[in-house]
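Single-structure report; data block below.
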Amino acid sequence: MAHQQPHNPAAGAGSGGFATTQWSTILAAGADSSPQAQGALERLCRAYRYPLYVHVRRLGWKPEDAEDMTQEFLARFIGRNYLQRADPERGRFRSFLLTSLKHFLADEWDKLQTQKRGGGRPPLSWDDLSPEERYRMEPAETLTPDLAYEKRWAGMLLERVLDQLRAEDESNGSLREFDLLKNHVWGDGKAGAYADLAAALNMEANALKVAVHRLRKRFREQLRQEVLSTLSSPDELDEEMRHLQLLLSS
């Protein structure tokens with residue numbers, strides 16, 4: 001497959017904090033060969049691969065090559081090639097993951113040119129949309145590859161927390177209320193929208209405000225727990241939350 005090498009992927013490594021998975025799961029998978037540990041690692045890689053794919057595409061790789069590279073990187077990661085380097089004492093996992101990807105791209109891209117697509121490894125299944133179909137729906141931004149990675153991670157993290165809250169409300173019979181209120185967990189609600197929601201849910205205005213407040217509180221608590229589980233120290237949590245808010249508001 002013909003391929004024009006993009007600019008040096010090892011250049012411009014970001015230094016900011018960005019957590020992408022649970023250190024405990026990564027370290028357990030590195031020390032445990034059980035199917036349970038392997039399955040946990042695969043699920044985490046599946047959840048976070050799209051931000052990695054966006055990063056590779058922003059570096060200038062063609063869609064098919066970007067998919068190959070992301071797939072091969074994650075296959076090696078799951079195969080523990082990189083786990084021996086993982087050290088939560090060295091900072092946030094997001095930096096480790098992105099740095100590992102950059103090293104992989106810098107060291108392995110030319111070797112993979114002569115290999116069959118995917119290197120003969122069974123591929124991880126992507127979402128219903130292919131990564132490139134999803135990438136085409138990205139806004140026309142002029143983001144650096146590092147910032148594109150971080151912003152896609154931030155959006156993915158919010159989706160992950162909302163999915164967890166939705167599952168909780170589905171189990172207790174509050175799914176319709178959640179689906180109508182979920183767009184108000186972040187930012188300020190407008191009076192007109194609140195009036196429409198109150199009518200749709202057959203609620204008094206004050207009761208609706210209480211419901212929104214409770215959902216926002218659950219959302220913030222769950223989001224903090226998600227972020228906290230990826231950090232090497234609880235002391236980093238407030239800084240990481242501020243960083244997340246900046247990513248989501250920009």
>> I'd like to know whether L244 forms a side-chain contact (heavy atoms from CB on, under 4.5 Å) with L223, so could you lay out the CA-CA distance, the side-chain angles of the two residues, the decisive distance to 0.1 Å, and finally the verdict.
In response: CA-CA 10 Å; L244 178 63; L223 184 60; 3.7 Å; yes
>> How close do V56 and W61 get, counting heavy atoms only, and between which atoms?
In response: O-CD1, 3.1 Å
> So do the side chains of L197 and M203 get within less than 4.5 Å of each other, counting heavy atoms only?
Replying inline: no
> What distance do D179 atom CG and E170 atom CD have between them, rounded to the nearest 0.5 Å?
Replying inline: 9.0 Å
> Does the side-chain contact (heavy atoms from CB on, under 4.5 Å) test come out yes or no for R152 and Y53, once each step is laid out?
Replying inline: CA-CA 10 Å; R152 297 297 83 77; Y53 177 82; over 6 Å; no
>> For the CD atom of Q222 and the CG atom of L157, what is their distance to the nearest 0.5 Å?
In response: 9.5 Å
> Is a side-chain donor or acceptor of R216 paired with a backbone partner of H184 at a separation under 3.5 angstrom?
Replying inline: yes
> For L162 and F178, which heavy atoms make the closest approach, and how far apart are they?
Replying inline: O-CZ, 3.4 Å
>> Quick check for you: to the nearest 0.5 Å, what is the distance between L215 atom CG and N183 atom CG?
In response: 10.5 Å
> Counting only N and O atoms by type, is there a donor-acceptor contact under 3.5 Å from the side chain of S171 to the main-chain atoms of E168?
Replying inline: yes
>> When you group the ILVMFWY residues by side-chain heavy-atom contacts below 4.5 Å and let the links chain together, are F219 and L248 in the same group?
In response: yes
> Is a salt bridge present between D169 and R218, judged by a nitrogen-to-oxygen distance below 4.0 Å?
Replying inline: yes
> Taking the six-membered ring for Trp, are H55 and Y149 parallel (under 30°), tilted (30 to 60°) or perpendicular (over 60°)?
Replying inline: perpendicular
> Taking everything shown except N202 itself, do over 12 heavy atoms lie less than 6.0 Å from its CG?
Replying inline: no
>> To check you understand the geometry: which heavy-atom pair defines the closest contact between L59 and P145, and what is its length?
In response: CD2-CG, 3.6 Å
> What's the verdict on side-chain contact (heavy atoms from CB on, under 4.5 Å) for L165 and V185, showing C-alpha distance, side-chain angles and the deciding distance?
Replying inline: CA-CA 11 Å; L165 295 179; V185 297; 5.5 Å; no
>> So, taking the atom named NZ in K62 and the one named CD in E67, what distance separates them when rounded to the nearest 0.5 Å?
In response: 15.0 Å
> Which distance, rounded to the nearest 0.5 Å, do you find between the CG of L98 and the NE2 of H103?
Replying inline: 10.0 Å
> Tell me, do T70 and Y50 make a side-chain contact under 4.5 Å, heavy atoms counted?
Replying inline: no
> Looking only at atom types and distance, does a side-chain atom of S174 sit under 3.5 Å from a main-chain N or O of E177, one as donor and one as acceptor?
Replying inline: no
>> Applying salt bridge (Lys or Arg N to Asp or Glu O under 4.0 Å), can you list everything that pairs with K209, at least two apart in sequence or on another chain?
In response: none
> In Å, rounded to the nearest 0.5 Å, how long is the span from CE of M241 to CG of D238?
Replying inline: 8.5 Å
>> Any carboxylate oxygen within less than 4.0 angstrom of a Lys/Arg side-chain nitrogen, looking at R58 and D146?
In response: no
> What pair of heavy atoms forms the shortest contact from L237 to L228, and how long is it?
Replying inline: CD1-N, 4.0 Å
